[in-house]
Amino acid sequence: MTTHVLRSQSQDLANQPPSSVKNEATTRGHRPDYDRLENQLNALKADTKNKVGQEDADYIRKVIRTQRACEWTGRVLLILGFVHPALWVMGVLSLATAKILDNMEIGHNVMHGQYDWMNDKHINSKAYEWDIACDGSSWNRVHNYEHHTYTNIIGKDRDFGYGLLRLSSDFRWRVKNLWQFATYLVLSILFQWGVSYHEMAAERVFFGKKKENRKNNVTHTTLKKRFFSKGARQLVKDYLLFPLLAGPMFLWVFAGNLIANLLRNLWTSTIIFCGHFTGDVETFKEEDCKNETQGQWYYRQALGSSNIQGGNLFHVLTYHLSFQIEHHLFPDIPAKRYREMAPKVQAIFKEHSMHYNTGSFARQYISVLKRIVRYSFP
């Protein structure tokens, strides 16, 4: 992993305007034709958007129906666990699947505005609220806008390491980094709460001195109110309401909800880390990304993302973030379309001699773990 810096690699590049040499890869020594790259990817985006229609609307509604069926099947089977423990196990897996679908294939993608064109008041980025502790409006500010605008720009993208992990040499090493693998495990287990608290941590709401150049999008009072109200609602629903409705099966349902949430957290965090923090993803300096063109922005997205190979079911369960490169390039395109776009994106990258970072789930995840361990040390 290297940080992109603005520099001249030849007299020819040095004589060009600054905007034409930004995001120059120090490792590959290759500069793509940004204008051509922009035109090619814009054409692919336009062509795909022209295909978006009833098929995509039918797909997301089918996923929503499947999610609801999995949720209520799971909740019923948890109660029926007294008949046979296998029913309880099936209930946990069914409920976990429902939570994964709600969080990922539905929530994440709907909140990105991928289905706003449907004009459905329930399937809309402004109205949708997902079944996790994180307030939807907070996620939209921190992830949907900041992360996708400033992907992997150190000092601008708060999603890079989530303020907890040192994942590049851009950050000064501290003693606490020695045990950051344990920190990573805790973050994965409590991932929905980490995402929920992410904006408050960045704003120094409870701890630390507020950064002088940080502009508040909302007041600290509002942040705290939404954090506690959404979190309390999730806790009451999963660990009080549904267990109480189960009567004598209170503890079985309580435990089932707890494990289902744990499975969802672990799966979500693993997929997200595989898409953002493999060994090959690169970081960028803030000063080198000012006034970048659309083509340069595309180039930064390409080098800051990783894909995961897999089958159709795998892609659905990863909310198609197994196509993280395509998602970073086209975040508002219905995610199901990434499958058909990926070969075309890869061909364009090859034409420009750009690295298309993809690999098996095992390979990408091992790469993530190595990165976490590597930057645990000075």
Side-chain angles (χ1 to χ4, degrees), residues 41 44-45 48 52 55-56 59-60 62-64 66-67 70 96-115 130 132 139 143-144 147-148 151-152 159-160 167 188 191 195 263-282 298 301-350 354-372:
L41 291 176
L44 175 58
K45 180 178 181 180
T48 304
V52 172
E55 178 185 344
D56 303 273
Y59 171 77
I60 192 62
K62 179 181 178 181
V63 174
I64 291 173
T66 301
Q67 185 273 332
C70 287
T97 300
K99 287 178 174 292
I100 288 171
L101 288 174
D102 175 85
N103 187 181
M104 304 172 92
E105 185 69 353
I106 303 171
H108 172 273
N109 293 336
V110 168
M111 292 168 69
H112 259 300
Q114 294 178 5
Y115 298 96
W130 47 6
I132 67 170
W139 181 85
H143 175 88
N144 204 358
H147 171 63
H148 280 270
T151 308
N152 287 22
D159 278 20
F160 194 83
L167 297 175
S188 295
F191 196 64
V195 173
L263 293 175
R264 186 269 319 280
N265 289 347
L266 291 174
W267 178 250
T268 304
S269 65
T270 299
I271 295 303
I272 289 175
F273 270 66
C274 284
H276 294 82
F277 306 126
T278 57
D280 285 347
V281 300
E282 304 192 17
Y298 278 141
Q301 303 304 316
L303 297 189
S305 315
S306 310
N307 281 11
I308 316 170
Q309 298 166 352
N312 289 340
L313 179 60
F314 178 78
H315 294 316
V316 171
L317 292 177
T318 64
Y319 54 127
H320 290 86
L321 282 196
S322 42
F323 297 104
Q324 185 67 245
I325 295 172
E326 286 69 29
H327 176 60
H328 273 163
L329 293 172
F330 316 108
D332 60 343
I333 293 287
K336 183 176 179 292
R337 295 284 176 177
Y338 296 154
R339 301 188 203 183
E340 63 187 67
M341 299 178 82
K344 300 173 184 177
V345 171
Q346 191 168 10
I348 292 173
F349 281 18
K350 184 177 181 180
M354 291 168 54
H355 179 49
Y356 189 84
N357 184 0
T358 187
S360 67
F361 174 75
R363 173 187 169 188
Q364 298 294 59
Y365 188 50
I366 290 173
S367 177
V368 169
L369 299 181
K370 286 182 177 179
R371 183 176 191 135
I372 294 172

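Everything numeric here is computed off the predicted structure, so don't read it as measured data.
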Tell me whether the centres of the aromatic rings in F277 and F160 are closer together than 6.0 Å.
yes
Would you say the side chain of Y319 lies within less than 4.5 Å of the side chain of I106, judging by non-hydrogen atoms?
no
Under 6.0 Å between ring centres, would you say that holds for H147 and W139?
no
Rounded to the nearest 0.5 Å, the CE atom of M341 sits from the CD1 atom of I333 at a distance of 5.0 Å
Could you give the distance from CG (L303) to CG (N357), rounded to the nearest 0.5 Å?
9.5 Å
I325 side chain near Y356 side chain, heavy-atom distance below 4.5 Å
yes
One should read off an interatomic distance between D332 CG and Y115 OH, to the nearest 0.5 angstrom, of 12.0 Å
Would you check if V281 and R371 make a side-chain contact, meaning some heavy-atom pair closer than 4.5 Å?
yes
Side chain to side chain donor-acceptor pair (under 3.5 Å) partners for T270, two or more places apart:
none
What are the two closest heavy atoms between S367 and G279, and how far apart are they?
OG-N, 2.6 Å
Side-chain touch V345/F349, heavy atoms, less than 4.5 angstrom:
yes
Test side chain to side chain contact (heavy atoms under 4.5 Å, CB included) on H327 and Y338 and set out the steps.
CA-CA 7 Å; H327 176 60; Y338 296 154; 3.1 Å; yes
Minimum heavy-atom distance between C274 and F361, given as atom pair plus value:
SG-CE1, 4.3 Å
Keeping S269 on the side-chain end and L266 on the backbone end, is there a donor-acceptor pair under 3.5 Å?
yes
Can you tell me how far the CD atom of Q309 sits from the CZ atom of F314, to the nearest 0.5 Å?
9.5 Å
Can you confirm whether I308 sits close enough to Y365 that some side-chain heavy atom of one is under 4.5 Å from a side-chain heavy atom of the other?
no
Quick one: does S322's side chain have a donor or acceptor within less than 3.5 Å of a partner on N307's backbone?
no
Could you tell me whether the side chain of T268 and the main chain of N265 form a donor-acceptor pair under 3.5 Å?
no
Would you check if there is a donor-acceptor pair between the side chains of Q301 and T151 at a distance under 3.5 Å?
yes
Side chain to side chain donor-acceptor pair (under 3.5 Å) evaluation trace for Q364 with T278:
CA-CA 6 Å; Q364 298 294 59; T278 57; 4.8 Å; no
Please evaluate residues L317 and M104 with respect to the criterion side chain to side chain contact (heavy atoms under 4.5 Å, CB included), reporting the C-alpha separation (whole Å), side-chain torsions for both, the decisive distance (0.1 Å), and the verdict.
CA-CA 7 Å; L317 292 177; M104 304 172 92; over 6 Å; no
Between the side chain of N152 and the main-chain N/O of E282, is any donor-acceptor distance below 3.5 Å?
yes
Side-chain touch L369/F273, heavy atoms, less than 4.5 angstrom
no
Between L329 and L41, is there a side-chain heavy-atom distance shorter than 4.5 Å?
yes
Examine distances only and state if a side-chain atom of H315 and a backbone atom of R339 form a donor-acceptor pair shorter than 3.5 Å.
no
Which residues share a salt bridge (Lys or Arg N to Asp or Glu O under 4.0 Å) with D56, sequence neighbours left out:
R337
So do N312 and V316 actually touch side chain to side chain, heavy atoms under 4.5 Å?
no
Among residues at least two apart in sequence or on other chains, which ones pass side chain to side chain donor-acceptor pair (under 3.5 Å) with E105?
Y59, N109, H320
When rounded to the nearest 0.5 Å, the distance separating CD1 of I366 from OG of S360 is 7.5 Å
Check against side chain to side chain contact (heavy atoms under 4.5 Å, CB included), F330 and F323
CA-CA 11 Å; F330 316 108; F323 297 104; over 6 Å; no
S305 and its side chain to side chain donor-acceptor pair (under 3.5 Å) partner, picked from E326, H328, Q324, H276:
H328
Yes or no on side chain to side chain contact (heavy atoms under 4.5 Å, CB included) for H355 and D280, after CA distance, side-chain angles and deciding distance?
CA-CA 9 Å; H355 179 49; D280 285 347; 3.2 Å; yes
Side-chain donor or acceptor of Q114 paired with backbone N/O of P331 under 3.5 Å
yes
Mark yes or no for whether R264, through its side chain, and N103, through its backbone, hold a donor-acceptor pair below 3.5 Å.
no
